[in-house]
Amino acid sequence: MSESTATERQQVERYQAPPTEAKWRARWQETNLYRVDDDDPRPKWFSLTMYPYPSGILHVGHWYAFAVPDSFARFKRMQGFNVLFPMGFDAFGLPAENAAIKNNIHPAPWTIENIAQMRTQYDLMGAMIDWSRELASYDPDYYRWNQWIFLKMVEAGIAYRKDGAVWWCPQDQTVLANEQVLDGNICERCGSEVYKRDLEQWYFKITDYAEELLTELDGLDWPERVKTMQRNWIGRSTGARLAFQLETGDTLEVFTTRPDTVYGATFMVLAPEHPLVAKLTTDEQRETVEAYVKAARYKSEIERLSTDEERTKTGVFTGGYAINPLTDERIPVWIADYVLMTYGTGAIMAVPSGDQRDFEFARAFDLPIRLTVQPIEGEPLDPDTMTEAYGGPGIVVNSGEFNGQRVPEAIPAMIARLEEQGRGKAEVTYRLRDWLISRQRYWGTPIPIIYCDSCGMQPVPYEDLPVLLPHDAEFKPTGQSPLISHEAFLNTTCPKCGGPARRETDTLDTFMDSSWYWFRYTSPGYDKAPFDPEQAKKWTPVDLYSGGIEHAILHLLYARFFTKVLRDFGLVEQNEPFLRLRNQGMILSEEGTKMSKSRGTQVSPDELVHEYGADALRLHLMFLGPWELGGPWNSRGIVGMERFIRRAWQLVTEAGEKSFDGAAPAADLDAVVRAMHKTIARVTEDIAGFHFNTMVAGLIEFVNELTKRKDGPEANTPEWRAAIETLVLLMAPSTPYVAEEMWEMLGKPYSVHQQSWPAYDEALTKDDVVEIAVQVNGKLRDKLVLAADASEAEALAAARASEKVQQFAGDATPKRIIYVPGRLLNIIV
RNA sequence: GCGGGUGUGGCGAAACGGCAAACGCUGUGGUCUUAAACACCACUCUGGGAGUACCAGUUACGGGUUCGAAUCCCGUCACCCGCACCA
């Protein structure tokens, strides 16, 4: 050994990751190490990461999203839980279809190939996946349950058809849900400008669950910003619905959050699309109104809702009048595009003194402004001179019997009066709209509905499911559903009368696939329902869900909605699907930009695994910083993790040659034992709290401490052996391969991943002799080594003996002493 | 405009209101080597100082609370994210 050259040393003694990792990967597969047993009596733990889109190749971002939760799941397993940590693929959707169109191959083989490739890469990572539970949403055994749930929702009235203006993406040639439209008119998928079309489409009544979706956010252990985003999206407003009589005899309903300002309503505004516009418009005004309505239709929502400083209010007078329900005044009715048909009732009472938009409109068209709230402090407002609306607190004025009340009192009082008169009632509205779920695309779940000329719309009978997606369809986008041109699919018989009928040719939004998929993992082969309620009861709700922040609204809101619907169907008992949610940050390219396949800024893990090993890559990703933060990829730091693994491996190698029957000075032994207990405590707490970066630092410090001592007498003691074994156990979740190898080198039974997580003794996590800081007047002057439980008097006496302290504190009696045992002594003179 | 977050060495970062910069990277010097790679050791916030002695300063900026502030409070600036004519 002493004769060996440096080259030999490198070959013989250095840890070789690739062959070792290959060896254990094979062994884990042979022994089914990651098979999950439903009947395991230990308490369950369901860890889930959002199933990925099968785009082909994993980049380091996928690793970051999966390997870190994988380590957490391994940790839970060692802690004695029966852990379910499954994997599947979100396999339907536009990218497959678009790639297929581009390369002129079918989406199915493209998807299957990508999934196979990704499966291999997850195995390379050493992921703790039970592949027997894998699911893929393009599989008829999966999507038949989409169809099953859909039919149940039709029966329950939750799924329904509606004609109306919907978002249309000209690039993707399909309609979109509101949630899929960004910045007013941008397609979430492809970034194209989208616009509204009138189409009859399928919807899910998510609005029925708006209140529950909102209130139950409070009890979830989710990042606050995700909860805030969902609250904003649901957009609850409390106020009142008021009925204004029109001179045509119709009733015009409006929603307002400020019913207390009704005396200040000096005009009304309808959305241009409002159904009463035509009836209300007088003959003199008809031409102007019709021109305005027509123009508004062509304006994109972004223009209508834009808050650019230059924006000016536009609108026209209809010629009609309404009666104010409290003042009985006659007020003009206008139309303007700042009022949206899709919110509230599509009409407002305009109170220019209290609402900035109404104020601007009134100034622009010289409409009257009447003050109804006078601020308590500052100059009284004057409607003739005020430059902006006042929406703050104050005293009600110009409002008849309500004068003198404060706003919070006036609101219920006025609602009560309106209710008495049958002219209004308290109401809550939401910004959330129903979920549009039909898509005019090919690669998705066929909607199981049949249209018969004599019997009308008929659900496909449950026993006829699945309605298979035909593979030989022409799927190039034409703006019509591709399936419409597939005669064999389209033409069918009516399940009721047996006569000729047509199938629904739209497919379901692929967000439906991901709205319940985790239930399927609990009973993957089940063929009587989407999942076995018994198994779902055992495993769900998910204890820890992880994924990207980009799903804060879409997927997470839909998944919550589905859980509540499935609960109402009696399939599950829980109200919420995911008890704890953690979002990983995004891994950017080394330059700090988004990793992109097309720009070549993606970092491939495969080469890194080949060079440094999967364990080193995993550690490196963990060590980059807080997991929720993400950040730019750094290709240099990974060597540090490789060095750390090598040092740990070296310690185990040397330990394998020893007998551990030696003795060592008590102080050295104590240091080893305390370092071990401290590290167990630190690693345990850090993993539990998702602080993987500091967890890795803790492991490194422990290895460095042991490395420093490995040639001392303490390295031949049973305590040393215990420290080495503990090190391997602590490394097992985050470096599964090398830990397995080291465990074997120590002569321990397979597998390290089936061992119990080490326990620590709280008393041994603290040193009994500590260095404390001594301050004089808050400034650090010296450091003293004291017993951890030293009394204040002892500490002070020791400080008195210090020259440096003497120099600054003198002999005078201190004014005050602050002593924090184990930390510091502050002497105030 | 509203809401949320962030700001610490050359870089990624750490720090229950208690010794700022743990841990890693980079860099510099050294040991080993014919040479290199690997590995190992030392140093690596700023200024003063011959110095690994010692002194002073330092957590975007300005105040405050406190014996003591990166941490708590107020204000300013910068950047990031979400919402936004939602009645």
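To find a chain, count down the sequence lines: A is the first, B the second, and so on, and within it residues start at 1.
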Could you measure between the two P atoms, the one in B/U6 and the one in B/C73, and give it in whole Å?
-> 12 Å
Could A/Arg431 and A/Trp233 be counted as a cation-pi pair, given that NZ or CZ must be under 6.0 Å from the ring centre and within 45° of the axis?
-> yes
Taking the six-membered ring where the residue is Trp, are the ring centres of A/Trp63 and A/His620 under 6.0 Å apart?
-> no
Are A/Asn693 and B/G12 close enough that a side-chain N or O sits under 4.0 Å from OP1 or OP2?
-> no
Can you find a side-chain donor-acceptor pair between A/Arg14 and A/Gln650 that sits under 3.5 Å?
-> no
For atom C1', what is the distance between B/C80 and B/G29, given to the nearest Å?
-> 41 Å
Which nucleotide in the list B/C83, B/G18, B/A22 gets nearest to the side chain of A/Asn826?
-> B/G18
Regarding the side chain of A/Thr256, the nearest nucleotide among B/A87, B/C23, B/C38 is B/A87
Report the nucleotide, chosen from B/C83, B/C86, B/U26, that has the shortest atom-to-atom distance to any side-chain atom of A/Arg357.
-> B/C86
Considering only the P atoms, how many Å lie between B/G63 and B/C54, rounded to the nearest integer?
-> 31 Å
Rounded to whole angstrom, note down the C1' distance from B/C77 over to B/C41.
-> 45 Å
Within less than 4.0 Å of OP1 or OP2 of B/C16, is there a side-chain N or O belonging to A/Arg823?
-> no
If we take the P atom in both B/U76 and B/A69, what is their distance in whole Å?
-> 23 Å
Identify whether any heavy atom of A/Arg636 sits under 4.0 Å from a base atom; if not, whether one sits that close to sugar-phosphate; answer base, sugar-phosphate or nothing.
-> sugar-phosphate
Any strand is fair game: report the nucleotide pairing with B/C25 by Watson-Crick or G-U wobble, both distances under 3.5 Å, or none.
-> B/G10
Look at the side chain of A/Lys815 against the base of B/C67 and say whether a donor-acceptor pair falls under 3.5 Å; ignore hydrogens and angles.
-> no
Using the C1' atom as the reference point in each nucleotide, state the distance between B/A42 and B/G48 in Å, no decimals.
-> 24 Å
State, without any angle test, whether A/Asn704 and A/Arg647 hold a side-chain donor-acceptor pair at a distance under 3.5 Å.
-> yes
Start with the C-alpha gap between A/Ser71 and A/Arg618, add the side-chain angles, then the distance that decides, and say whether side chain to side chain donor-acceptor pair (under 3.5 Å) holds.
-> CA-CA 9 Å; A/Ser71 293; A/Arg618 207 190 264 244; 3.0 Å; yes
With a 4.0 Å cut-off on heavy atoms, is A/Arg781 in touch with a base, just the backbone sugar-phosphate, or nothing at all?
-> sugar-phosphate
Taking the C1' atom of each, how far is B/U8 from B/A70, in whole Å?
-> 7 Å
Return the nearest nucleotide to the side chain of A/Lys313; candidates are B/A14, B/C85, B/A39.
-> B/C85
Does A/Arg646 place a side-chain N or O at less than 4.0 Å from the phosphate oxygens OP1/OP2 of B/A39?
-> yes
Kindly say if A/Asn704 contacts the phosphate of B/A22, meaning a side-chain N or O under 4.0 Å from OP1 or OP2.
-> no
Between A/Arg647 and B/C40, is there a side-chain N or O to OP1/OP2 distance below 4.0 Å?
-> yes
Could you please name the option among B/C67, B/A13, B/C19 that lies closest to any side-chain atom of A/Ile828?
-> B/C67
Which nucleotide in the set B/C54, B/A14, B/U26 lies at the smallest distance from any side-chain heavy atom of A/Lys804?
-> B/C54
Watson-Crick or G-U wobble partner for B/C67, using a 3.5 Å limit on both distances?
-> B/G18
Is the ring centre of A/Phe690 less than 6.0 Å from the ring centre of A/Phe692?
-> yes
Closest to the 5' end of RNA chain B, once A/Asn777 and A/Leu824 are matched to their nearest nucleotides, is A/Leu824
Taking atom C1' of B/G18 as reference, at what distance in whole Å does atom NZ of A/Lys779 sit?
-> 15 Å
Does any nucleotide pair with B/G3 by Watson-Crick or G-U wobble geometry, both distances under 3.5 Å, and what is it?
-> B/C81
Between A/Ser237 and A/Tyr343: side-chain donor-acceptor atoms closer than 3.5 Å | yes
Among B/C38, B/G12, B/U26, which is the nearest nucleotide to the side chain of A/Val639?
-> B/U26
Please determine, for the side chain of A/Ile818, which listed nucleotide (B/C85, B/C83, B/C67) has the closest atom?
-> B/C67
B/G5 OP1/OP2 closer than 4.0 Å to side-chain N/O of A/Arg225 = no
Which residue, A/Thr429 or A/Ala773, contacts RNA chain B at a nucleotide closer to its 5' end, judged by nearest heavy atom?
-> A/Ala773
Phosphate contact (B/C40 OP1 or OP2) by A/Lys708 side-chain N/O below 4.0 Å | no
How is A/Pro632 classified with respect to the nucleic acid when contacts are heavy atoms under 4.0 Å: base, sugar-phosphate, or nothing?
-> nothing
Just name whichever nucleotide pairs with B/A56, Watson-Crick or G-U, keeping both distances under 3.5 Å, else none.
-> B/U46
B/G10 and B/U44, which share atom name C1', separated by this distance in whole Å | 10 Å
Does A/Arg431 make a side-chain N or O approach to OP1 or OP2 of B/A84 shorter than 4.0 Å?
-> yes
Donor-acceptor side-chain pairing of A/Glu701 and A/Thr679 below 3.5 angstrom = no
Counting heavy atoms from C-beta on, name the nucleotide in B/G24, B/C67, B/A22 closest to the side chain of A/Met641.
-> B/G24
Per atom distances to the A/Glu771 side chain, the nearest of B/G24, B/C19, B/A56 is B/C19
